[in-house]
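This report refers to the structure that appears directly beneath it.
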Amino acid sequence: MSAAPHPRELLLIGGGGEMTLSVDVAVQALEQARARGLRTHVTNRADTLAATPAVTAAADTATAVDFARPGDTADWAAGRATDGERPALVFGVREMAQEAVAATAQALELPGNPPAAVRRIRTKDACRAALAAAGFRQPAVRVCRDASEARAFLAATAGPWVVKPRDGADSAGVRKVTGPDDLPAALAQLPDREAPFLVEEFVDGREFSVEGVFVGGSPRVLAVTAKEKLPPPYFVEIGHVLPADLPEETRRSVEETVTAALTALELCFGLFHVELWLTAEGIVLGEVHVRIGGGWIHRMLPHVRPGLELYGTVYDDALGLPVDLPTALPAPERAAAARYFAPPEGRVTAVSGWDAVRTHPAVLHAELRVGPGDVVPGFRSGGDRVGAVVVGAATPAEARELARELVASVRFTVEPVDAVDTGDDVPEVRVDLEPRPLTSSFRISHMTIETVDHLRLRLLQGGRTVGEGEITADSGYGQDGPAIAAEAEALARTLAAARDDSHHGADGADPVAPLRAALEKAAADGVGAPARMLVEMAFLDRAARRAGVPVWRLLGLPEPGRVRLLHTVPIGEDIPLDGRPLKIKLGGADDEQILRSLLGVPAPLILDANRGWDRQDWERLRPLLAELAPAVLEDPVRDPALLPAIRAALPGTAVVLDEGIATAGDAAFAVGTAGGLNVKLMRFGGILPALDALTDATEKGAARMLGCFLEPPRAIAYAAQLAGLCDWSDLDGHFWVSDDRPVPSYGLDSDAPGIPRIAYTPEHARGEAAAI
């Protein structure tokens, strides 16, 4: 007897997010699949699957697969297909999952949008460029890496402007600026302060969105939605009305423009949500999404178009079933509106009027997620929303007014913000790990590095990042990325759950002391240095943001000046002879030849053998080294007993130790034996123990170098806050990890609260970088 055939399967990639709206969207998508006889399989991050039981309960199967890695998701799905578990349809309802949806559909040869088209629209500046090239009106925009580039764009264009993430949702980190003085506060609001961001011209006009579905590869508009936003500087949507009350000619023009834009962008599958402005010059297109709009639009559309199943329409079309949806739909015969609550910041002490609202006969959906005792954050992004009311009515005007009246009828009594003890709010801890290839291989005496593990630890409150650390781990140095991630997550959760009395105690309390004590205990308990550094970064970043100052000021350090870099030359690479300070990696078979080639070079020389020499090597190379008289000789020999003879033979050379220098005792040994040390935060466990070692070395008159591994820009900038305490800065490791172009020096954006960013000036971009 043959086995019964498996029912066709919907693979819902990314499931739902933790917000109520996202869960509701995912559950609806799963229910409409089940109604068509489809088996449902949900993938999501493990922690989000655990936090969204309603989504997993609505699905037949759930698997932990990280949608943030589209290639991994596609490979996982292809592996299932090889084993006979091939879905009939791949879909996703979350913005951040759309690239994984497209990649997986392509890998399985199923209907979907081209991955390149999805990447284009999710990279906002690339989408703007594509739309402008196709003849659609677009505001001027620039991708910026730091405040100096943003200021240059402001100087070259007419304001006001908008600062926003290059890739994001829910208006998180979006802020209006009217001039350079507004930039520091705007940059401090970006969710990821190390990532490139956008500055674009502010568009003055009424804002709308267009909702629709692709049928047979062509876009069909379902409705135009009117938006209402809070006043600048933030751009958080406070309400929606559907359909927008527009003249028929204007509505047709909007729909024609949007469908033409979607076609030009090569999009052809699923749902769409396109934002735009109506200005005095005409229609200006905004962001383009291949998912349904937020703001409970997924509840409003079926009300104004009875019988419409948003997700079911997509499924039917993809499965070759008939879709009864005319090319040009008539205007909806009824209306709906959504309105968000925006109570003042503070601790809620009382709420009145809610029961009458949630039982009102016109209410399609209502939720309120705060009550007495809860803290209301500032309303700066969609993640700060605390509830909403969705209503149906005969006309757009009636729906808008009713939603406003119902929201206004709910009264919140709150304590002032100053009275709120926000130390009671335990931040969520999230750690992400991603293998990342280097931009080029990096060879030293005992190994060649090709790939590192990129680790990012975030402290989240209300979905917003309030503290962040970022490092990379390299197995060649004994740094186990997954083990570090697990250690860091456990330590961060312990620290997050501990009450931070220093933030709410008496005036003059040291905001760093509790963190220092906790990290010292963690070190004594055996928590590794990389994990401690990652946690330290996130919590110092949080403390500095709370205090409204950069980390260096929080720690009482001198303001960072320009960081003059050594140019590191790995073994086997050509040595530039253009006068820059050179850090030459030695310890290989060609050391003698390399040293001879350096005779007569006018640049300061820092020679790093990474303990690659034995006594015989030293004796053989000593005459050449004496003739070269390098400024610094780093880790020359494996046997420390040779160091006194080396110092005596090279009286004008600073000898510093690096390998194995990881504690206060190690630092004291380096100072006493070699007369100098190279401090790396990843070895010491962060800026606090590194600062102690440098302070002690300074008091003893030792040579001090500040070094790094191959690390991301955020970790490099974090370390660079100590550059003013050192004789030499070897902080160029990010050039192998990121797309940043090598430069001889850089500054730090030391105005914004938290961990500073590396600041590359326009002069560097044009001149210094070109000389590399």
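This structure is a prediction, so every number in the text was calculated from the model and none was measured.
Distance check: N113 CG to Q98 CD gives 8.0 Å after rounding to the nearest 0.5 Å. Atom NE2 of H289 and atom CZ of R122 lie 9.0 Å apart (nearest 0.5 Å). Separation of atoms CG (L710) and CD1 (I471) is listed at 13.0 Å; rounding is to 0.5 Å. Between the CD atom of E470 and the CG atom of D432 there is a distance of 10.0 Å, given to the nearest 0.5 Å. Note that CD of E468 is 9.0 Å distant from CG of L460, once rounded to the nearest 0.5 Å.
Closest non-hydrogen pair, C127 versus Q138, comes out as O-OE1, 4.5 Å. For the pair Q32 and Y315, the tightest heavy-atom approach, listed with the atom from each and the gap, is C-CE1, 3.9 Å. Residues F214 and D317 approach most closely at O-OD2, 3.7 Å, considering heavy atoms.
Without hydrogens or angle criteria, T52 side chain to E18 main chain gives no donor-acceptor distance under 3.5 Å. At least one donor-acceptor pair closer than 3.5 Å links the side chain of T259 to the backbone N or O of E256. A distance-only check finds a donor-acceptor pair linking the side chain of T439 to the backbone of F735 [under 3.5 Å]. No donor-acceptor pair under 3.5 Å is formed between the side chain of D83 and the backbone N or O of E85. No side-chain donor-acceptor contact under 3.5 Å links D72 to the backbone of V65. No side-chain donor-acceptor contact under 3.5 Å links D75 to the backbone of A78. R128 places no side-chain N or O within 3.5 Å of a backbone atom of V141 that could act as its donor or acceptor partner.
Between E200 and K124, none of the side-chain N atoms (NZ, or NE/NH1/NH2) sits under 4.0 Å from a carboxylate O, so this pair counts as no salt bridge.
The only option from R86, H41, R39 that meets the side chain to side chain contact (heavy atoms under 4.5 Å, CB included) definition with L11 turns out to be H41.
Applying the ring-ring contact (aromatic ring centres under 6.0 Å, His included) rule to H240 yields no partners; only residues at least two apart in sequence or on another chain are considered. D316 is linked by a salt bridge (charged side-chain N to carboxylate O under 4.0 Å, His left out) to R36, counting only residues two or more places apart in sequence or in another chain. Under the side chain to side chain contact (heavy atoms under 4.5 Å, CB included) criterion, R119 pairs with E99, P115, A116, not counting sequence neighbours.
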Working for salt bridge (Lys or Arg N to Asp or Glu O under 4.0 Å), residues E9 and R80: CA-CA 12 Å; E9 180 186 83; R80 288 184 71 240; 3.2 Å; yes
Derivation of the salt bridge (Lys or Arg N to Asp or Glu O under 4.0 Å) call for R299 and E367: CA-CA 13 Å; R299 291 265 186 157; E367 65 168 1; over 6 Å; no
Verdict with reasoning, S209 to V274, per side-chain contact (heavy atoms from CB on, under 4.5 Å): CA-CA 5 Å; S209 65; V274 180; over 6 Å; no
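Between W296 and H298, the distance separating the two ring centers is shorter than 6.0 angstrom.
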